[in-house]
There are 2 protein chains.
Amino acid sequence: MPPTIKDIAKQSGVSISTVSRVFNNQDLVKNETKQKVLEVIEALGYTPNFVAKRLRSCKISTIGIVVPDISAAFYAEIIKGVENKANDIDCGLIVCDAHNSRDKEKEYVRYLYDGRVDGMIFVVPQLRDDDLRKIAADGLAIAVFGKDMSGFNIQSISVDNYSGAYQAVKHLYFHGHKRIAYIGGIEAENDYDHRARLAGYRQALIDNGLGVNDAYIENGAYCEEGGGSAFLRLIKLNEPPDAIFCANDEMALGVIRMARKNHIEIPEQLGLIGFDNIRVGQYISPSLTTVNQPTYTIGVLLGERLIFQMTNKEYGQKTLNLILKPELVIRESCGC
Amino acid sequence: MPPTIKDIAKQSGVSISTVSRVFNNQDLVKNETKQKVLEVIEALGYTPNFVAKRLRSCKISTIGIVVPDISAAFYAEIIKGVENKANDIDCGLIVCDAHNSRDKEKEYVRYLYDGRVDGMIFVVPQLRDDDLRKIAADGLAIAVFGKDMSGFNIQSISVDNYSGAYQAVKHLYFHGHKRIAYIGGIEAENDYDHRARLAGYRQALIDNGLGVNDAYIENGAYCEEGGGSAFLRLIKLNEPPDAIFCANDEMALGVIRMARKNHIEIPEQLGLIGFDNIRVGQYISPSLTTVNQPTYTIGVLLGERLIFQMTNKEYGQKTLNLILKPELVIRESCGC
DNA sequence: TGCCGTCAATAAACCGTTTTAAAACTGGAA
DNA sequence: TTCCAGTTTTAAAACGGTTTATTGACGGCA
C-alpha cells in the first residue's frame, strides 16, 4: 500500500490538514513546518491519491466523446480535433465506440455518466433529443455534432448537408447530366443526414427544371454492398440514370465496383459523386468526386464549444448551433 | 448534479445500504424491496459515482488502451477486438491516442495511472521496457502488443514480422524477381518492426542465393511521401531493382504513385509488396499485394490476456509472449 | 410465555482527501 | 495582567459510495 496523508501526518507530527495545506495553499503554513513535512513526504515517496482528491473536489479534467464507429476515418479525424482542444486545458479524453447502435450508445452514456467526465461530446448521436436534454439538465456540459440542438439550449455543430447535396447535383446538371439518381439511406426517424441530403437533391433537380422521379431514389444502406445493389436496380430501369449522387462514399465505392463488373464506364457513361471524402476515394480509379466535410475543424469546434460550456455554466453567449458549409471536391468520377 | 445514492434511498424509503445492496450482493435484499428501489433508480437515471466507488472498493471495471494513432485503421481494429472482450466482463474501455509520440504516451500513462483503470493495454508502446515494468510492478495489470515483454513477466503479443517479410520476399523471388529492394524505416532504438522485417528480408535473400545489396535498402519513413522518394532514389541506381518490398502499405502507395508518374508499369516492370493490409490497398490500381496482420484477433487476444491478468494476479499460467503468424494477401501488384 | 435462529434492513465505520469552523498560540497594546 | 488581532494548527464535516456490525421482526419450539 502506498503511504497516505495520514502516514505523513503521523510521521511528521502534525495534523492531516496541515499536510494537505503543504500541498495546496502553501502560504498558510509556517515555513519551518512546511520544511519538516516536505522532508517526510520526500522520504516516504508520497503522492496524493487522485481518487480521493476527485471525490472531494468534483473536477476530473476529463471529457468523453461518443462516436458511431471509431474505425471510420471521418470520426477519427473529429476525435483528433477534439483532443487538440482538450490538451489546451490539460484535459484527458475518453473515446467510446458506439458501434452504430443506439443501445450501445446509451450504455456508454450511462457509463460516462458516473462522474468519470466533466463533459461529453456526441458525434451523430442516435439518442433521442430527450435523453440528451436530460444529461445537459444534470449540469454536465455537452456538445453535439450532427443535429441542431439549439432548441434544447445545447451547443451543437452541423454540416449543411442540404447544401452539400445541392451543390453536387447542380454540378452534375451543369455538366450535362439530366437523369440524376440518388442513393441514400432509409427514411428513419433520426437519420437527419439522409433527410437533408435527399432534400438538397430534390431541390436542385426542381430548381433546374428537372422533375423528381421517385424511381431514381434508392436505398443503399450506407455501405458498399448496399450501394452496389442499389446501382444494379437503377440500371435495370427502362430509362436508367446518366448520373448518380450517393449520400456517402461507401455506397459510391459499391457503384464503381458494380459498374466495372457490368462494363459501364465512369464517368463516360455515368457521372458519380459521393459524400464524405473518405481516403479511398483519392486512390480508386476513377477517383471519386465527393463532398468534403471539414472533419478536423469540426472536432476543434466541438472541443471549443464544450470547454466553453464547462467553464461558463450559462448558455447563450455563443451561437448555439453552428452550421458549416461542406465543399465539393472535384475528381474524375463526375467527368468534369 | 446527477442523483446520488442518498436521493435514491430517500425517494424509495430505504437506507442507502439497501440501495447499495441492490447494486451489489443482490441476494441479501427482499425481492419486493429490490423492485421498488430499481424503479426509483430507473426513474432518476442513477449511476453509482465511479470515484466514490473506487475509493472504497479498489475495482472500477475499466481498462485503458494506448495506441499510437487512432485514425489508422490498423489500431482501430485492434481496439474493436479489445472492446469485444472487455464487454464480456462489463468493463469500460478508455482509448488514448498517443500521436506517435513517446511524451504523449507517457502523459497518458500518468493520466491513467491515477486509479482510473484496472488494467492497461499498450499497442506498440514507445515507452522504455523499464517504464512498463514499473507499471506492472505496481500491481496494475498490463498487456502489450508489438514487443516481447516476457522477460519482464508481462503478457505480450507480437506478430512475426520476420516471417511476414520473409514470405513476401520469397514470394517475389519465386516469381522471377532477382533484384529485390526494401523500403523501411530507420534503425531506431525502439523500432522493433523495422528491425525484424529487415532481418526477414535479408534472410530470404540469402536463403535463395541472392546477395544483400545495401544500395537496395532504403528509408521511407513509413509514409506515402517517404515511400515515393525512396522509390525515386532506387530507380536512379545503375541497376535498379525489379521488385520492392515495403515495410508498410503507406510507403507502397507512394511507390505506386511515383511509378505511375515515371511510366513504370506495376507489376510488369516492377513487383511490389506491402505490409499491413490497409483498406486502400484493395481499391488502388494495381491492387496491392501485402502482408496481413490479424488485427481484430490481436485485439481479442490482448483483451483476454489482460483480463486474465486482472483476475488471476499471479503470472505464468499462460505463455507470456504469443507470436502470431501474418499471412501474405496476394493481389495484382506482385504480378503473380 | 420465553428463548432462539433467520431473514431484512439499518446504522455506522471507512476509503483518502479538501475545506470550514474552531482552537491554540503568538506578540503587542492597554 | 488582560485582552485582542493575527497567525498557525487542528478537529471535524464533507464527498458518495461499500461493508461490517447491529438491530428489529417474525416464526418455531420447548
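We name chains A, B, ... by the order of the sequence lines, and we start the count at 1 in each one.
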Show every donor-acceptor pair shorter than 3.5 Å between a side-chain atom in residues 28-44 of chain A and any protein atom, with sequence neighbours excluded, or say none if there are none.
none

Not counting sequence neighbours, which residues clear side chain to side chain donor-acceptor pair (under 3.5 Å) with A:Ser150? List them please. A:Asp148
Could you tell me if the ring centre of B:Phe145 sits under 6.0 Å from that of B:Tyr75? no
Whole-Å distance, A:Asp7 CG to C:dG16 P, equals 9 Å
Interatomic distance where CG belongs to A:Asn31 and P belongs to D:dT7 [whole Å]: 15 Å
Contacts of A:Thr295 meeting side chain to side chain donor-acceptor pair (under 3.5 Å) (sequence neighbours excluded), chain-then-number -> none
List for me each residue that meets side chain to side chain donor-acceptor pair (under 3.5 Å) alongside B:Arg116, sequence neighbours excluded, and say none if there are none. A:Thr62, B:Tyr111
Summary of salt bridge (charged side-chain N to carboxylate O under 4.0 Å, His left out) pairs that have at least one residue in residues 65-79 of chain B, sequence neighbours excluded: A:Lys80-B:Asp69
Under the side-chain contact (heavy atoms from CB on, under 4.5 Å) rule, collect the residues that match up with B:Val109, sequence neighbours excluded. B:Phe122, B:Leu127, B:Ile135
Ranking C:dA8, D:dT8, C:dT10 by distance to the side chain of B:Lys30, first place goes to C:dA8
Spell out protein contact along nucleotides 14-20 of chain D as letters: B when the base is contacted, S when just the sugar-phosphate is, - when no protein heavy atom is under 4.0 Å; keep the 5' to 3' order. BBBBBBB
Any salt bridge (charged side-chain N to carboxylate O under 4.0 Å, His left out) pairs touching residues 81-96 of chain A, not counting sequence neighbours? A:Lys85-A:Asp88, A:Lys85-A:Glu304
From CG of B:Leu28 over to P of C:dA11, roughly how many Å is that when rounded to an integer? 17 Å
Whole-Å gap separating C1' (C:dC15) and CZ (A:Phe50): 15 Å
Over the length of the helix from C:dT1-D:dA30 to C:dA30-D:dT1, how much do the five-pair end axes diverge, rounded to 10 degrees? 90°
